[in-house]
Number of protein chains: 2
Amino acid sequence: MLKEERQKYILDQVHLHHRVLLNDLSESLNVSIDTVRRDVKELDSEKKLKKVHGGATSFGFMTFTKDDGNIYLKSKKISIAEKTVSLLTDGQVILMSGGTTNMEVAKLIPKKLVLTVFTPSLHVAMALLDHENVEVIFLGGKLLHDAKFAVGGTVVNALSQLRVDMCILGTGYLDAEFGLTEFDWEVIQVKQAMIRAAKKTVILTVSDKLHSVQKYKTCDMTAVHTLVTELDPSDPLLDSFRPFDLVLV
Amino acid sequence: MLKEERQKYILDQVHLHHRVLLNDLSESLNVSIDTVRRDVKELDSEKKLKKVHGGATSFGFMTFTKDDGNIYLKSKKISIAEKTVSLLTDGQVILMSGGTTNMEVAKLIPKKLVLTVFTPSLHVAMALLDHENVEVIFLGGKLLHDAKFAVGGTVVNALSQLRVDMCILGTGYLDAEFGLTEFDWEVIQVKQAMIRAAKKTVILTVSDKLHSVQKYKTCDMTAVHTLVTELDPSDPLLDSFRPFDLVLV
DNA sequence: AATATTTTTGCAAGTTTTTGCTGTTTTTGT
DNA sequence: ACAAAAACAGCAAAAACTTGCAAAAATATT
């Protein structure tokens, strides 16, 4: 194996998981810990990652200050993503919407897992393509400049011809009474089509977005099969959702 | 076996697998390791691949962070992109394939220019979305893991319903006799559909890729309306293309 | 056609790079 | 402060690289 391959693998792992242990690298690369150490040292001096005691981190993740709202939110999203990934099984065909939470899900999918994923999100598609065993099918259409998300008749039409195992929707506002709401009309159309095309609907939401209502409605709570938050399923914040026939994770 | 054949084989392997070991090459080519070493050294000095300890990699092998791609090729590509952008006019509807040259085109499009662009390339789509006045429509389909490019029936089908002003094809191998060739069969299908859907076909090629032939053929030279290279249009290297009814830029 | 010249190829000796191992020093968590 | 884990430094074996050289092949010359 070439040194360059090793270093690429290390950088991929760091970018994927934000942090990585030298021991794990040594094992999965089948080289001594010293070699890994030397590689990481080199990559660090090239400013491609940050070496820390026992491992390495990507530059975005090293500052773990809980005061910083963004980082805090990100770790919530990662914990949601971890729960979501555990819902996936080999051979499934799924739909994924866009948003940062779904991005984290895409990154955290195990390398071994065999999946077929349809998505209208450029970012999610890009992240999924890192996984050799995931077949990625992009739902083409007019792209929104800000969300990098395909919308319009083409997408809805393509979705109407699908019947997949599960659809994973991120970045929505959720309320027990009003259901799932958004502020972009075109996105709504696509998400509704996604829900129709899937046997099960999984909603990912950080607790901050619970009990808020936006302009347009995607669906009622009755259409939701699984609700994933960063909270413990028994958390009182989730009480208002318990009357519905859904799984809390 | 001729030296040219050997070097072509080496380049093909590098393009295909992104990395290659000198030992493997020596064995599959039935020449001594020294000969392979010299070949690779030569190709490296011509900036066609990157020699590393024990083997060679393609440029952009480590491309996840910054552009590790080679600077010589890049400046050629930028000059091609500049010429290409000057062919565009307000209100046009165009098709763009993938590849790094088309990426440069996408980046160089003036902010004021109003365009509608269809593309099956994730990277090009992403770059185009930076431009407020460009409407981007992604041609959805199964994505290739390495090229981040959509292929398959869906793409070809969508293209069959279009009639656009111009299609811009990058990253091909061009030869006066054999026309435009590639090494990926699925990509060929899409590019052929793109040519059929457009009134004019514009080919972008760095001079290194002139007069080379790959396994599969996209189209004859007769299908090409404009050929853009980094060379001066009067350069003798382009002589073999003059008999055809095309514009050299 | 025969000979001279240049290029290419393979080989061998010496050098550099890489890698894993040793023991020692530094850092970390309790 | 102390034990455990990690980092460091030096060393030796293996792999890869360099250089010079001579045989072989290709090309040019007479």
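Numbers restart at 1 for each chain; the letters A, B, ... are given by sequence-line order, proteins then strands.
Rounded to a whole Å, the CG atom of A:L25 is 13 Å from the P atom of D:dA6. Atom CD in B:E4 sits about 15 Å away from atom P in C:dT7, given to the nearest Å. In this structure, CG of B:D34 is placed 11 Å from P of D:dT18, rounded to the nearest angstrom. In this structure, A:L22 atom CG and C:dT27 atom C1' are separated by 14 Å, rounded to whole Å. Taking atom CG on A:L29 and atom P on C:dT19, their separation rounds to 11 Å, with Å as the unit. One can place CZ of B:R37 at 5 Å from C1' of D:dC17, the figure rounded to the nearest angstrom. Atom-to-atom, CG of B:L2 to C1' of D:dA24 comes out at 16 Å; the value is rounded to the nearest Å. Counting to the nearest Å, the C1' atom of C:dT18 and the CD atom of A:Q7 are 12 Å from each other.
No contact: B:V36 has no heavy atom under 4.0 Å from any strand. Note on A:V40: nothing from the nucleic acid sits closer than 4.0 angstrom, heavy atoms only. Here A:N23 lies in heavy-atom contact (under 4.0 Å) with sugar-phosphate atoms only. Within 4.0 Å of B:I33, counting heavy atoms only, lies no atom of the nucleic acid at all.
Side-chain contact check for A:S234 and A:D232: at least one donor-acceptor pair (N or O, by modelled atom type) lies under 3.5 Å.
Closest to the side chain of A:R38, from the set D:dC17, D:dG10, D:dA6, is D:dG10.
Using bins of under 30°, 30° to 60° and over 60° for the plane-to-plane angle, the ring pair B:W185/B:Y216 lands in the perpendicular bin.
Partner of A:T229 under the side-chain contact (heavy atoms from CB on, under 4.5 Å) criterion, out of A:V206, A:L238, A:I203: A:L238 alone.
Checking A:N30 against B:K3, the closest nucleotide of DNA chain C that is more toward the 5' end is the one next to B:K3. Mapping B:T35 and A:T35 onto DNA chain C via the closest heavy atom, the residue that lands nearer the 5' end is B:T35. Residue A:V52 is the one, among A:V52 and B:K51, whose nearest nucleotide of DNA chain D lies closer to the 5' end (criterion: closest heavy atom).
With hydrogens and angles disregarded, a donor-acceptor distance shorter than 3.5 Å links the side chain of A:E230 to the backbone of A:S207.
Comment: A:K41 does not engage A:D44 in a salt bridge, judged by the lack of any side-chain N to carboxylate O separation of less than 4.0 angstrom.
The phosphate of C:dT9 has OP1 or OP2 within less than 4.0 Å of a side-chain N or O from B:R6.
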